[in-house]
Amino acid sequence: MIRAPRGTNDILPPESYRWICLEALLRRLSKVYNFEEIRTPMFEHTELFSRTVGETTDIVQKEMYTFQDKGGRDLTLRPEGTAPVVRAFLERGLDGGALPKKLFYLGPMFRYEKPQAGRYREFMQYGVEILGSPSAYSDVEVIHLGVRIAEELGLLGTTLFINTIGCPVCRKNHREDLIKHLSRRAGELCPDCLARLDKNPLRVLDCKNEPCREVATDAPLMKEYLCSDCEQHWITLQSILESVGLEYTVDPTLVRGLDYYTKTVFELKWPPLGAQDTIIGGGRYDGLIEELGGRPGPGVGFAMGLERLLLASEKGEKPIEPVMFIDCFVVMPESEDQEVSQEIANKGFELLSDFRCSRLSGDFDPLRRSVRAQMKHANRLNAKYVAIIGEEEIKQGLVTIRSMEHGWQKQVSVDRVSDFMKEEVLGGSN
Ligand code: HAM
């Protein structure tokens, strides 16, 4: 048997209903915060990610699904959504329109990671980006949206961690001292961190290996090296968070796993999820637009994994309960007379088609098992009504309607039954 590739998921009903509910919630909240949807390709030129996410990051070094197409192009299945959004923003001339541009996306991302609960090789991300605003209010706007999503899903007890990692100006001053500190303890670092030490010492602070984390704990902190612009942004950010009542914890070691960030970085964690408890990750990236060939321009955003959100929702206060039902199941009993049987099937199928054209959801049993089995099928589908069209009904021009919820049964003339059902199910709304 051919199995699905490791780290991928098949989303089956009823689970797929929970996805639909979550995606609807994300679209509704995007509208509330006035973000518009953007859809970008699932693969891009590899260079887009190596230049922006960073050559020395885990994503670029170890996790990308990179391949050559038949034309010899070097392509990569997108591991994240921010670089593609900025690429499209510039390529399609959105930078020439009204700014800031507020965009959201919802789609699969691909990373060759070690799969475990909440971490997959193909996963769905929802993300938002505000392009063209340097304001700390925009940082708080995206954070506020992220926290609202968690609240709407009933996730109590999330913690918002924030930090600033400055800009290239502050980083230059910090870098020297950081390299000195790391070099003194080079013997304790893992081979990856040793290799990154000179090129990108900040990455060492993001390493998950225990000895490297230990070295990171007393490393020089970026906040001591901030330039006046970054310092001001950092202070303003915290005062806005306080003014809108968003509680936060400053984590001076939070640097995030992608290189494009400047100034603000943040994560929202929900501890009951265990090892993979970061539901949202984001920050500001004021150099990214320029890096991709645009005029210098700021940006800020976040992304969240939908699988993690759904795992969390199941454990939270308000699990998403899929409500699954159909309006009407048409039961078509067989008759001993072949011709009558055919007539029943034709009438029954016509009736079902009428229901469906009237926006009523419906189904039937194409295998035409016994009436008992057809009724069982109707129950499994959680049908609100059953319409029975058998030999007697055909003779009298009637259909028997049974309300599965209330238990009553009525006979309705075949010409009126569609209107009757519309009235029953849709009431005055049709
Ligand atoms: P990220 O931290 O790499 O950031 O990913 C954001 C979120 O995606 C994570 O917090 C997690 O919920 C989910 N996620 C990441 N990897 C996996 C995985 N292998 N399996 C399941 N879920 C996963 C970014 O991607 C940035 N582009 C976020 C951003 C947008 N920053 C600014 N704008």
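As the structure is a prediction and not an experimental result, all values here were calculated from the model. Atoms within a ligand are numbered from 1 in the order they appear, just like the ligands themselves.
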Check ion pair Asp58-Lys208 (N to O, under 4.0 angstrom):
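Judged by the 4.0 Å cut-off on N to carboxylate O distance, Asp58 and Lys208 do not form a salt bridge.
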Taking 4.0 angstrom as the limit, do Asp206 and Arg196 come out as a salt bridge?
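Answer for the salt bridge query: no.
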contact_flag Gly118 ligand 1 heavy-atom lt 4.0 Å
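Contact present.
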Could you tell me the residue and atom name of the protein heavy atom closest to [atom], and the distance to it rounded to 0.1 Å?
| atom | value |
| --- | --- |
| atom 20 (N) of ligand 1 | Tyr120 N, 3.0 Å |
| atom 19 (N) of ligand 1 | Glu113 OE2, 2.6 Å |
| atom 26 (C) of ligand 1 | Tyr260 OH, 3.4 Å |
| atom 11 (C) of ligand 1 | Arg308 NH1, 3.4 Å |
| atom 1 (P) of ligand 1 | Arg256 NH2, 3.5 Å |
| atom 18 (C) of ligand 1 | Phe123 CD2, 3.4 Å |
| atom 12 (O) of ligand 1 | Gly305 N, 3.0 Å |
| atom 10 (O) of ligand 1 | Thr278 O, 3.4 Å |

Backbone or side chain, does any N or O of Tyr105 fall under 3.5 Å from an N or O of ligand 1?
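Looking only at distances, the answer is no, because the N/O contact criterion of under 3.5 Å is not met.
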Flag Gly81 as yes when one of its N or O atoms lies below 3.5 Å from any N or O atom of ligand 1, and as no otherwise.
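No: no nitrogen or oxygen of Gly81 is under 3.5 Å from one in ligand 1.
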Give me the ring orientation class for Tyr65 and Phe110: parallel if the planes are under 30° apart, tilted from 30 to 60°, perpendicular past 60°.
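Answer is perpendicular, since the angle exceeds 60°.
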Over 60° means perpendicular and under 30° means parallel, so classify the ring planes of Phe266 and Phe302, tilted if in between.
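Rings of Phe302 and Phe266: perpendicular, as their planes differ by over 60°.
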Output the distance between atom [atom1] ([X]) and atom [atom2] ([Y]), rounded to the nearest 0.5 Å.
| X | Y | atom1 | atom2 | value |
| --- | --- | --- | --- | --- |
| Lys376 | Leu381 | NZ | CG | 13.0 Å |
| His174 | Arg171 | NE2 | CZ | 10.0 Å |
| Asn163 | Thr249 | CG | OG1 | 12.0 Å |

Tyr285 and Thr52: side chain donor to acceptor below 3.5 Å:
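Thr52 and Tyr285 do not have a side-chain donor-acceptor pair below 3.5 Å.
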May I ask you to list the atoms of ligand 1 that are less than 4.0 angstrom from any heavy atom of [X]?
| X | result |
| --- | --- |
| Gly282 | 31 (N) |
| Thr82 | 26 (C), 27 (N), 29 (C), 30 (C), 31 (N), 32 (C), 33 (N) |
| Glu80 | 25 (O), 26 (C), 27 (N) |
| Glu129 | 30 (C), 32 (C), 33 (N) |
| Gly281 | 10 (O), 28 (C), 29 (C) |
| Tyr261 | 26 (C), 28 (C), 29 (C), 31 (N), 32 (C) |
| Leu258 | 3 (O), 4 (O) |

Considering Ala303, Pro84, Ala312, which one's heavy-atom position lies nearest to atom 7 (C) of ligand 1?
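Answer by nearest heavy atom: Ala303.
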Within the 4.5 Å heavy-atom criterion, are [X] and [Y] side-chain neighbours or not?
| X | Y | answer |
| --- | --- | --- |
| Leu131 | Leu99 | no |
| Glu80 | Phe49 | yes |
| Arg119 | Arg111 | no |

Report the part of [X] in contact with ligand 1, treating N, CA, C, O as backbone and CB onward as side chain, heavy atoms under 4.0 Å; options are side chain, backbone, both, neither.
| X | result |
| --- | --- |
| Met109 | neither |
| Val300 | neither |
| Tyr112 | neither |
| Arg119 | both |
| Gln276 | neither |
| Gln125 | side chain |
| Phe302 | backbone |

After noting the C-alpha distance and the side-chain angles of Arg203 and Asp192, does the key distance pass the side chain to side chain contact (heavy atoms under 4.5 Å, CB included) rule?
CA-CA 10 Å; Arg203 284 268 64 81; Asp192 278 349; over 6 Å; no
Donor-acceptor under 3.5 Å (Arg51 side chain, Glu291 main chain)
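Side chain of Arg51 to backbone of Glu291, a donor-acceptor pair under 3.5 Å: yes, one is there.
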Find out whether the Lys NZ or Arg CZ of Arg121 is both under 6.0 angstrom from the six-membered ring centre of Tyr112 and within 45° of the ring's axis.
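Verdict for Tyr112: a cation-pi partner in Arg121.
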Can you name the side chain to side chain contact (heavy atoms under 4.5 Å, CB included) partners of Cys21, sequence neighbours left out?
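Per chain and number, Cys21 pairs via side chain to side chain contact (heavy atoms under 4.5 Å, CB included) with Ile320.
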